[in-house]
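Presented below is the structure to which this report refers.
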Amino acid sequence: MKVPLLDLKPQYEQIREEIEPALLEICRSQAFILGPKVQECEAAVAAYCGAAHAVGVTSGSDALILALMAEGIGTGDEVITTPYTFFATVGAISRLGAKPVFVDIDPVTFNLDASKLEAAVTPRTKAIIPVHLYGQMADMDAVMAAAKAHGLIVIEDAAQAIGSEWKGRRAGSIGDYGCFSFFPSKNLGCFGDGGMVTMQDEAKAKKAVILRNHGSEPKYYHQLVGGNFRLDALQAAVVTIKLRHLDGWTAGRQANAERYRRLFASAGLEAAGQVVLPQAVANRHIYNQFVIRAKRRDDLLAHLRSRDVGVEIYYPVPLHLQECFRDLGHREGDFPESERAARETLALPIFPDLTDDMAEWVVESIADFYRG
Ligand SMILES: *Cc1c(COP(=O)(O)O)cnc(C)c1O
């Protein structure tokens, strides 16, 4: 049996009859950039996330850049985030000339350890970027308290967390900004690159709209230097249609997570200390990834791949140890929980259309590995 890490083809079959006419209509209209399709998508995403405003952009990476630009963050500024995230979180800070300041992660949630925030704040700190990794939100009570105490902007990196909740509040609705990605492998993916920035504040939304289009307001008059961060109508139409199905797919992922828990429990792997399963802490986990810790992780990974089980390491090198950030002067041991996570974690297939047989084969293959 082959178990892919992610297979989007069954999902496409479910929505093909809705999507194809919508795309054809846009092709025939030849109206591709921004416009009513993007506005409709923005309104739908804002409502879904519990945000007052949403601004459609080119990618999740550009969503982060745009939020930082809207706050004028750049050279001489510091932004606090986690070193255990996808590169884009830290790349955005660095590309604007600001300094990423890391705090280590909580070993249970893999999100930034909020108890370490205070110690990372300096007079140059401008913002905090909590990352809601794997589909579970960071401790937003602590993040917002630290931000309030020091007058900092909060930019939620919600690229992996659309629809996840912290004590009943959705990702992207608590901080000043929420940044979303519609990269195909995210829970709400489009047919290429796309992203969204959410916010509650109208002035911030207006500024983001202007910056998204080269700072042009009115047309060809520029008070600000922005960029081309425009979402296009084809991607917006896909997102709007797929959003109607998202809760069903999320329920599928959550059911898969529960099935894994039952299968792992009957295999006795957790009791034997071979693996640690992910925990959902005080919120709605949307399982963009189902990430376990595993003894002898690299050997397990090779074993699973030899059996055609798709697995991946998110992420093998924490950002403080990446070569491009060596000027920050970090060394191994600076963020031990991030480094340990990079050594121990493994993502298993969790996509909504994963079948019983597939999940059983994944767990059986893991059990076989530890039996030797
Ligand atoms: C995917 C991702 C991004 C970047 O999104 P793109 O749309 O690929 O640019 C940023 N942060 C995190 C945590 C991500 O997972």
Side-chain angles (χ1 to χ4, degrees), residues 5-6 8 38 41 45 49 54-69 79-96 100 102-103 105-106 109-112 127-138 140 143 154-164 171-172 175 177-198 212 227-232 234-236 238-239 242 253 278 285-291 312-320 322 325 338 341-342 345 347 350-351:
L5 182 62
L6 172 67
L8 290 168
V38 171
C41 178
V45 170
C49 295
V55 179
V57 295
T58 26
S59 68
S61 303
D62 282 344
L64 291 160
I65 296 260
L66 182 59
L68 290 163
M69 282 177 77
V79 178
I80 298 173
T81 191
T82 153
Y84 189 66
T85 176
F86 178 60
F87 181 81
T89 317
V90 182
I93 300 166
S94 186
R95 278 178 61 192
L96 291 173
F102 298 118
V103 298
I105 56 166
D106 172 320
T109 63
F110 302 103
N111 288 324
L112 63 78
I128 307 171
I129 307 186
V131 180
H132 307 319
L133 205 67
Y134 305 147
Q136 162 153 255
M137 287 178 72
M140 289 304 288
V143 168
V154 174
I155 300 170
E156 298 176 57
D157 184 340
Q160 300 183 9
I162 190 158
S164 68
Y177 300 89
C179 296
F180 294 89
S181 166
F182 305 132
F183 185 78
S185 70
K186 312 292 176 165
N187 286 27
L188 180 62
C190 62
F191 292 176
D193 279 307
M196 191 79 73
V197 187
T198 55
R212 168 176 70 177
N228 173 2
F229 304 124
R230 300 180 301 246
L231 183 63
D232 71 74
L234 289 166
Q235 302 307 340
V238 172
V239 170
K242 287 181 79 171
R253 288 172 179 272
H285 196 321
I286 60 145
Y287 292 103
N288 178 242
Q289 302 295 345
F290 187 87
V291 175
E312 192 53 88
I313 300 169
Y314 300 112
Y315 299 91
V317 182
L319 278 304
H320 68 286
Q322 293 286 353
F325 297 130
S338 298
T345 54
I350 188 79
F351 60 97

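Just so you know, ligand 1 is whichever comes first in the structure, and atom 1 is the first atom listed for that ligand.
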**Fill in**
If you scan protein heavy atoms around atom 11 (N) of ligand 1, the nearest is Asp157 OD2, 2.8 Å
**Message:** Return the closest protein heavy atom for atom 9 (O) of ligand 1 as residue, atom name and distance.
**Reply:** Ser61 OG, 2.5 Å
**Item:** Main-chain N/O of Ala341 paired with Thr345 side-chain donor or acceptor, under 3.5 Å
**Value:** yes
**Fill in**
re atom 2 (C) of ligand 1, the protein heavy-atom contact at minimum distance is Lys186 NZ, 2.6 Å
**Message:** Closer than 4.0 Å to some heavy atom of Ser59 - which atoms of ligand 1 meet that?
**Reply:** 7 (O), 9 (O)
**Message:** Using 30° and 60° as the class boundaries, would you call the ring planes of His285 and Tyr287 parallel, tilted or perpendicular?
**Reply:** parallel
**Prompt:** Quick one: are the ring centres of Phe325 and Phe102 less than 6.0 Å apart?
**Reply:** no
**Message:** Below the 3.5 angstrom mark, is there an N/O of Phe183, backbone or side chain, next to an N/O of ligand 1?
**Reply:** no
**Prompt:** Checking Asp193 side chain against Phe182 main chain: does a donor-acceptor pair fall under 3.5 Å?
**Reply:** no
**Prompt:** Applying a 4.0 Å heavy-atom criterion (strictly less than), which segment of Val131 is in contact with ligand 1: side chain, backbone, both, or neither?
**Reply:** side chain
**Prompt:** Just one of Phe86, Phe290, Phe110 clears the ring-ring contact (aromatic ring centres under 6.0 Å, His included) bar with Tyr134, so which one?
**Reply:** Phe110
**Asked** Is Ser164 reaching over with its side chain to a backbone N or O of Ala161, donor-acceptor style, under 3.5 angstrom?
**Response** yes
**Prompt:** Between Ala159 and ligand 1, which residue portion shows a heavy-atom distance shorter than 4.0 Å: side chain, backbone, both, or neither?
**Reply:** side chain
**Thr85 N/O to ligand 1 N/O under 3.5 Å** = no
**Item:** Min heavy-atom dist His132 to ligand 1 below 4.0 Å
**Value:** no
**Nitrogen or oxygen of Ser181 less than 3.5 angstrom from that of ligand 1** = yes
**Asked** What about Asp193: any of its N or O atoms under 3.5 Å from an N or O on ligand 1?
**Response** no
**Request:** Give a yes or no answer on whether the side chain of Arg212 reaches the backbone of Val57 with a donor-acceptor pair at less than 3.5 Å.
**Result:** no
**Message:** Taking 4.0 Å as the limit for heavy-atom contacts, which would you say applies to Ala88 with ligand 1: side chain only, backbone only, both, or neither?
**Reply:** side chain
**Request:** Determine whether the side chains of Gln160 and His132 contain a donor N or O and an acceptor N or O closer than 3.5 Å.
**Result:** no
